[in-house]
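Accompanying notes for the structure given below.
Computed from a predicted structure; not experimentally measured. So that the names make sense, note that chain A is the first sequence line, chain B the second, and so on, each numbered from 1. Note that these values count all heavy atoms, side chains included, but never hydrogens, waters or copies made by symmetry.
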Number of protein chains: 2
Amino acid sequence: MATIKDVAKAAGVSISTVSAALNGTAPVKESTRQKILEACEALGYRPNRLARGLKTKRSYTIGVIIPELTNPFFPEVVRAIEHKAKEYNYNTILCDTDDDPEVGLSDLHLLIEKQVDGIILIGGVIPRDAILSSRRLPTVAIEKDFNIPQVSCVMADLMGGAYEAVSHLIGMGCRRIAYITCRMGKGVVYRRFEGYKLALKDNQIPFDASLVRESSPDFEGGCEAMKSFKEVPPDAVFSYNDVMAMGALKACSLMGVRIPGDMSIVGFDDIDAVSFTSPPLSTVALPKQEMGSLATEILINTILKKEKPRNVSLSTKLVIRKSCK
Amino acid sequence: MATIKDVAKAAGVSISTVSAALNGTAPVKESTRQKILEACEALGYRPNRLARGLKTKRSYTIGVIIPELTNPFFPEVVRAIEHKAKEYNYNTILCDTDDDPEVGLSDLHLLIEKQVDGIILIGGVIPRDAILSSRRLPTVAIEKDFNIPQVSCVMADLMGGAYEAVSHLIGMGCRRIAYITCRMGKGVVYRRFEGYKLALKDNQIPFDASLVRESSPDFEGGCEAMKSFKEVPPDAVFSYNDVMAMGALKACSLMGVRIPGDMSIVGFDDIDAVSFTSPPLSTVALPKQEMGSLATEILINTILKKEKPRNVSLSTKLVIRKSCK
DNA sequence: CATATTAGTCGAATCGTTTCGATTATTAAT
DNA sequence: ATTAATAATCGAAACGATTCGACTAATATG
């Protein structure tokens, strides 16, 4: 590969002049600039960014650590990150941890050694103290609040999304609104449930614990949860996620319950598949693209010291399809 | 950040000894190795891989250029690449070109400047001559044959997959098997059609052009293609891709045609959604994970000069669900 | 015991850039 | 015409590692 030295020799000038010409860091006479450009062209010169980064302490690379690219939430977020990064001339090293904290930790270290300028963490794979100890590096977390002042955080307003969905069902006249969910801890999972409860409360509908089902967060789980409503069935179902909602839909079709005639269903996430069910499911869409894009903007701005770390919450969007009357 | 110099000073040895101790490139007395390790620990030393790469001319980074991460084919492939790369201590820079050749080209150049050790190209975004001119760099293409000796190529056997699917339908007793597809050029799209025709021929079923429909490669397209079979309907449909197959399924349910009672359907790709339709669709699965993993293995082996570029074709897998009797 | 090997360590050169202070050529100001 | 500014260029020192030849200390060989 041709180096800047070769270019300098070919153009009959010094190395520093070539550098100045190429980066515009010092005035260079037009005629010599031309000679230099020609030399570059002739030699097929491409600057070595490792060398440049070594000197400037900027790699123009960010690291993205995610749990599992195959989870339908991630590709769109990652894509938005990559695009926004590109706008700022940054590249993206993608690390998929397979949801294993050990892998996450070693990924993080490798990224640091590769001198990435910043890191985006999606979901909670990295142990908190590992992040604390590498706190030099600009970092933004998506959908996980590490509660570290130096770490920015962008979240979707899950509670608001659930609130809006349930309010919509109530507006359609539903009164016995079931909630099917996976097992709830305190964290992310619980926020949707809070939205559900608040919407009921704000509409003077008493909360009825018998309408809540905890099940596995998959198709089967949704299916079983639905089937378990034997005696007095609900008139609507709000689901923790789309896959469960699809399971519920399947259960309804097996039991001869008509959607949206006899029952309304709203899911959560807006995965591709739900627009293909019959009827297509209404759902709460996460602002995936916006999350990735904003996270990247915040990250790069803190790298460039144009802004301080901050936390933002982005609103979800209720997508109305055919599964509620 | 602590550098190797700091470590050397702290341990009271020379820089080269530290390097030797850390890389095992020369014998180091056990006691001084311990001192060095302690110094590293105490200082939180992490080697700067940019500097190392500058000297060794190995970045331990590969570039992956894809058209669109949100196309359901890619995440799984990319994930497999990332995992396999990690096995060899490589990182992955991901570039999503948005299917724009200009972007692809600039991505390629940036990757080269960042001194990636090799490149994986998925789909055909990069102009052929750009690849030719950077032919120094080990490269493997997935699902695109550039027909350049130095560029390896891993493909799925689409023709074989189609052949197997259609043969299966024939085995189930189907005789009037329709093929719905997007507009066919010569390339990738055509290979499935060839498999379809060959399977018919090998089973002495005359090819009937009136059973072939070209339409847009989406849900609507599949739906319309299906509806267009008015008079003498087929007894089975083989579809260019899953999304069209889902459209066909939808059309059948609208027309009161029962699946698999009245008609069998087989799709292509095995996207997530098809396992959630009712009935779940049979389809031809691409060996995505294997493609990514093998491509990476070939790439890294050619980087390490352990093998020469080569072309491989991986077989698809027929996934039988409930949409054929 | 003298010598040949090997173990253990070091200094300096190098990778390909950027950057800064110094130097010279050119133009503007008086 | 002389001086003051500024434009244009250059050389050398970084950046943080690896690597190789040189050197000394320790061990093996005869």
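A:Ile112 has its CD1 atom 16 Å from the P atom of D:dG16, to the nearest Å. When the P atom of D:dA14 is taken as reference, atom CG of B:Leu54 falls 17 Å away, rounded to whole Å. Put simply, CD1 on B:Ile36 is 12 Å from C1' on C:dC10, counting in whole angstrom units. Rounded to an integer number of Å, the gap from CG of A:Leu50 to C1' of D:dG16 is 12 Å. Atom pair A:Glu30:CD and D:dA7:C1' shows a separation of 14 Å (rounding to whole Å applied). At whole-Å resolution of the value, CZ in A:Arg58 and P in C:dG16 are 24 Å apart. The NZ atom of B:Lys9 sits 14 Å away from the P atom of C:dC10 (whole-angstrom rounding).
For A:Lys288 and A:Asp270, the salt-bridge test fails: no basic side-chain N is under 4.0 Å from an acidic carboxylate O. Classification of A:Asp107 and B:Lys86 as a salt-bridged pair holds, one side-chain N sitting under 4.0 Å from a carboxylate O. We find that A:Glu38 and A:Lys35 are not joined by a salt bridge, their nearest charged nitrogen and carboxylate oxygen being 4.0 Å or further apart.
Shown here is A:Asn71, whose CG atom has more than 12 heavy atoms of other residues, nucleotides or ligands within 6.0 Å.
Map B:Ala26 and A:Met1 each onto its nearest nucleotide of DNA chain C; the residue landing nearer the 5' end is B:Ala26.
A pairwise comparison of heavy atoms in A:Ile65 and A:Gly104 identifies CD1-O, 4.3 Å as the closest pair.
Checking B:Thr316 against B:Asp157 by side-chain atom types alone, no donor-acceptor pair falls below 3.5 Å.
For the OP1/OP2 pair of C:dG16 and a distance below 4.0 Å, the side-chain nitrogens and oxygens of B:Lys57 include at least one atom meeting the criterion. Between B:Ser14 and C:dC10, a side-chain N or O to OP1/OP2 separation shorter than 4.0 Å is present.
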Which atoms of nucleotides 17-24 of chain C (N or O only) lie under 3.5 Å from a protein N or O atom, and what are those distances?
residue: C:dT17; atom: OP1; partner: A:Tyr45; partner atom: OH; Å: 3.1
residue: C:dT17; atom: OP1; partner: A:Asn48; partner atom: N; Å: 3.1
residue: C:dT17; atom: OP2; partner: A:Ile4; partner atom: N; Å: 2.7
residue: C:dT17; atom: O5'; partner: A:Tyr45; partner atom: OH; Å: 3.3
residue: C:dT18; atom: OP1; partner: A:Asn23; partner atom: ND2; Å: 3.2
residue: C:dT18; atom: OP1; partner: A:Arg52; partner atom: NH1; Å: 2.9
residue: C:dT18; atom: OP2; partner: A:Ser19; partner atom: OG; Å: 2.8
residue: C:dT18; atom: OP2; partner: A:Asn23; partner atom: ND2; Å: 3.3

